[in-house]
Number of protein chains: 4
Amino acid sequence: MSASTSTQSASRAPRQDNRRQQLLDAAARLFRERGYHVTSMRDIAREVGMLSGSIYYHFSSKEEMLLAVYEEGLRHIAELVDAAVAARNTPWARLEAGCTAHLEALLELSDYTQVMIRVLPPEGGKVAARLLDLRDQYEARFRGLVNALDLPAGADRRYLRLLLIGGLNWSHVWYHPGGDPPAVIAHRMIDLLRQRLDRAPNTPSAR
Amino acid sequence: MSASTSTQSASRAPRQDNRRQQLLDAAARLFRERGYHVTSMRDIAREVGMLSGSIYYHFSSKEEMLLAVYEEGLRHIAELVDAAVAARNTPWARLEAGCTAHLEALLELSDYTQVMIRVLPPEGGKVAARLLDLRDQYEARFRGLVNALDLPAGADRRYLRLLLIGGLNWSHVWYHPGGDPPAVIAHRMIDLLRQRLDRAPNTPSAR
Amino acid sequence: MSASTSTQSASRAPRQDNRRQQLLDAAARLFRERGYHVTSMRDIAREVGMLSGSIYYHFSSKEEMLLAVYEEGLRHIAELVDAAVAARNTPWARLEAGCTAHLEALLELSDYTQVMIRVLPPEGGKVAARLLDLRDQYEARFRGLVNALDLPAGADRRYLRLLLIGGLNWSHVWYHPGGDPPAVIAHRMIDLLRQRLDRAPNTPSAR
Amino acid sequence: MSASTSTQSASRAPRQDNRRQQLLDAAARLFRERGYHVTSMRDIAREVGMLSGSIYYHFSSKEEMLLAVYEEGLRHIAELVDAAVAARNTPWARLEAGCTAHLEALLELSDYTQVMIRVLPPEGGKVAARLLDLRDQYEARFRGLVNALDLPAGADRRYLRLLLIGGLNWSHVWYHPGGDPPAVIAHRMIDLLRQRLDRAPNTPSAR
DNA sequence: AATGAATGAGTGTTCATTCAT
DNA sequence: AATGAATGAACACTCATTCAT
């Protein structure tokens, strides 16, 4: 988690944006563990052996740190999902691969991606809009994935996407490391959607 | 605001715990609007025309207020869901009615219920465990509702429940008042599950 | 200076706005001695045996304290000047009495009035405008006093007022307690204006 | 901005202490505009495209910068006043010329000179005494100018000087660029002193 | 049942200054 | 001659909480 032990290759060279990255790692972890408001700049600084004031050399405010974490998290999860999707070729397989990658990033791989799900942006802040924008931008992928499916006439693609994304994202509430791995979770959920669950003959339609 | 069946007896002492209820209403609203950490005791007190110190006559701490809001919210949503479910008699209809009631409480009816979804419990606090407990207790209903369904052999009832609950709860992220009403949302999502979405002949099973 | 030892008359009764007044006294003194920016809220609090946060029960911000000091100072000096002026009846005597009272308040009597002269209002703040307004309002008195004089035709009343006020106010730079008292200073300065200083016969006019 | 006669010689090393002068110019401007305490070293550095730490190659502290600004401002205004005075030959004309030059420097020409009037020296600092010393030294000129006047017997030369200097210096409070130019202001004020203002026959003397 | 006044720890942020490079 | 990075102390201000009245 959070590549802190970055095997400092050669000499003791203080690499370029060394500390900024460390700070971001620490912020991502603390934001995820405790939430944005409860985490103080002092907490973050202490984590990397700095004083709180020193953070401001690297970031101009706490909100800007959150934004940076969001952006980094988004870049990361988007890459993973895109790669996973590209490796498959039938629509359902591509969707499932995307879901699996999404879940893996969310549940296991990185603090950054979890922040995106768990931290609701600070209300009044000017960053709030930007954060929601980033999230939308990312989720657009799933719109494409769902649109590519060959569905029966009446199926509502929009709610299919929302149901699936919600089901996946909510996993942070009930998931625990010992349980089914992300791939299994994603597979099972998609399976439920692909097959007919209602065994009664009458079509479930009219309200 | 928010039902709170305060059996208001006829006689001279009509408002047994008047102010406590007002405080709780204010807290629920502010917790929902701004989040738990951003809302201050002063904010809550001001809302009912009190000074912040006076709250402590009614509640022993801010966390205890959150707990009370959770409990009240839970009692409320549980009542609504139970009533809605009782009015139907086929398993799928009962599930859908439960989902509709759940969504309505979540999105439209009461600040109390929304707090349950939007406010993640304060980390270190001793209440955190209790809050999760309450939530589990409530969701147990849906376990029952799903278990009552007549499903095909391979269907995973646990993930069906988690997918559905997640899909519903995540709605607070994308829902906006002008859009489809809760009943429509619930209906559409359940519809997606009941019917076969995969039009290909081969069973979607092997991974 | 600054009526701190207010012979706490009867019992130990914590009189009504006791502490607010103490705080204001301390603020006035420190603002005068060190200037606004250099004085910290901690300094002010320490002076009255409080913690810095406690000030905010009485004042909502540091700027508001400054405003309160200005207002109090202004009320005070205006009262003194008005009373002194009212006791005389020829125009020159009234002007001189006003100047004496102004100087006394400025140099000897109260921290509050000195703040008005020595502290230039914090630039960006919203109070700046209000403070200048108060100052103008006060100085209007002198406009009246000068207008009442029976002057030769060419005399510029506006610059007479500005010269006099400037001469008086600048005294805080060179005044020291052992020297001439305010009454003497005011008398000498006015004297210089009343009499003809230029002994040459030609009128000092054309430039 | 601000004359600073930096005799820029032709050859290859044109800018003997280029950056130091730029820094001083920036400091003078900011000190005048915002005041000493409100101006940060970062502000000054940014103005010349430097980092704040780099200033310390040129100046050993912020206070030293202020001292340098004072000194430069003083040298400048003294030169202007001396030149203006030298061009006249009657005592009153010399005084008026000096006042005009003083006002011009103060109100229009240079940030450096304005700092001398507007910035009150930081209290505790060791520079405070030195700054006052410089100011006295400069004002000594006006002592000479006043002493050269042929005045009536009772006229108090000291207060004449203080009244005049105060009246001039206080102009920074009420002066605004569109109004009368410095020459007019100085002329009017001196005029008021030269002529007899009190039209009553009795000498204004006894206290 | 509530107020007025305060506490004490903590908040995000700013600052003059330092120093190895 | 200047940078990049950091320090450590300070800043104005906020907060949940307490308690005598």
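Order of the sequence lines sets the chain letters (A, B, ...), proteins ahead of strands, with each chain counted from 1.
Judged by closest nucleotide on DNA chain E, A:S60 is the one of A:S60 and D:S60 placed further toward the 5' end.
If you measure from atom CZ of D:R20 to atom P of F:dA2, you get 13 Å, rounded to the nearest angstrom. In this structure, CG of B:N18 is placed 9 Å from P of E:dA2, rounded to the nearest angstrom. C:L51 has its CG atom 19 Å from the P atom of F:dT17, to the nearest Å. Note: CZ (B:F59) to P (E:dA1) measures 13 Å, nearest angstrom. Look at CE on D:M65: it is 11 Å from P on E:dT17, rounded to the nearest Å. Remark: C1' of E:dT21 and OH of D:Y56 are 19 Å apart, rounded to the nearest angstrom.
An OP1 or OP2 oxygen of F:dA6 is reached within less than 4.0 angstrom by no side-chain nitrogen or oxygen of A:Y57. Contact annotation: B:H58 side-chain N/O to E:dA2 OP1/OP2 distance is under 4.0 Å. For F:dA1, neither phosphate oxygen OP1 nor OP2 lies less than 4.0 angstrom from any side-chain nitrogen or oxygen of D:R19. Between A:S54 and F:dT7 there is a side-chain N or O to OP1 or OP2 distance below 4.0 Å.
Applying the salt bridge (charged side-chain N to carboxylate O under 4.0 Å, His left out) test to D:R20 and every residue at least two apart in sequence or in another chain returns nothing.
Within 4.0 Å (heavy atoms only), B:S61 reaches sugar-phosphate atoms of the nucleic acid but no base atom.
Sorted by residue number, the members of residues 39-50 of chain C with any non-hydrogen atom under 4.0 Å from DNA chain F read C:T39, C:S40, C:M41, C:R42.
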Given Watson-Crick or G-U pairs with both distances under 3.5 Å, what dot-bracket string fits DNA chain F, with | for other-strand pairs and [ ] for crossing?
.||||||||||||||||||||

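In summary, of the residues considered (D:Q21, D:R29, D:Q22), a side chain to side chain donor-acceptor pair (under 3.5 Å) with D:D25 occurs for D:Q21 alone.
Using a cut-off of 4.0 Å between Lys/Arg side-chain N and Asp/Glu carboxylate O, A:R42 and A:E47 are scored as not salt-bridged. The pair D:R130-D:E63 does not count as a salt bridge, with every side-chain nitrogen at least 4.0 angstrom from each carboxylate oxygen. Between A:E33 and A:R118 there is no salt bridge, since no side-chain N of the basic residue sits under 4.0 Å from a carboxylate O of the acidic one.
Side chain of D:S52, nearest nucleotide from E:dA2, F:dA12, E:dT17: E:dT17.
A cation-pi geometry, defined here as NZ or CZ lying under 6.0 Å from the six-membered ring centre and within 45° of its normal, holds between A:K62 and A:Y36.
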